[in-house]
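Remember, it's 1-based here, ligands and their atoms both numbered in the order they're listed. Position 1 is the first residue of the sequence; numbering continues from there.
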Amino acid sequence: MTMREAACACGDFRLTLEGEPILVSACCCTRCQRRTGSFFGVTVYFRPEQLVRREGAASTFHRPGSTTFQFCPRCGSSLLWELDDDEPIIGVAGGAFADPTLPGPHRMTHTGTGHPFVTSPRGIPVYEGPPPE
Ligand SMILES: [Zn+2]
Ligand SMILES: [Zn+2]
């Protein structure tokens with residue numbers, strides 16, 4: 001079984017995930033831009049039971065009506081998040097794996113607020129707004 005480790009910038013907050021992700025999603029919404037400091041965010045979704053180990057302390061930031069983010073209190077990297085709607089799914093920051101073998105995005109969302117120079121990988125579904133339910 002594939003094991004992958006995600007870590008914050010300082011290395012204090014770490015997650016170990018078992019198996020392949022359910023979905024990898026790139027998002028160009030303005031909230032993802034502000035949270036990441038980048039032009040888009042990448043979320044790697046897993047089932048909660050795939051998170052087999054966590055190390056280090058985390059602080060939380062709740063985006064009302066949406067998501068609770070866990071981030072490293074020392075360096076501020078957000079690493080892990082849960083959706084408010086009780087879906088049995090967790091999100092992990094794509095860049096935190098620093099692993100070129102991680103699958104690329106399966107979809108790109110909120111391209112309507114994305115920068116024009118950000119383009120999607122060929123052949124994946126692209127949504128100007130949120131993806132359909
Ligand atoms: Zn850190
Ligand atoms: Zn977003």
- request: Start with the C-alpha gap between Gln70 and Arg54, add the side-chain angles, then the distance that decides, and say whether side-chain hydrogen bond (donor to acceptor under 3.5 Å, both in side chains) holds.
  value: CA-CA 12 Å; Gln70 296 185 36; Arg54 58 179 295 156; 2.8 Å; yes
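Checking Cys32 against the Zn ion (ligand 2), an N/O/S atom falls under the 2.8 Å cut-off. The Zn ion (ligand 2) has no N, O or S atom of His110 inside 2.8 Å of it.
Angle SG(Cys8) to the Zn ion (ligand 1) to SG(Cys72): 110° [nearest 10 degrees].
Proximity of a side-chain donor or acceptor of Gln50 to a complementary backbone N or O of Glu18 within less than 3.5 Å is detected.
The line from CZ of Arg74 to SG of Cys72 is 7.0 Å long, rounded to the nearest 0.5 Å.
Residues Arg53 and Leu15 form no side-chain contact, since every pair of their non-hydrogen atoms from C-beta on lies 4.5 Å or further apart.
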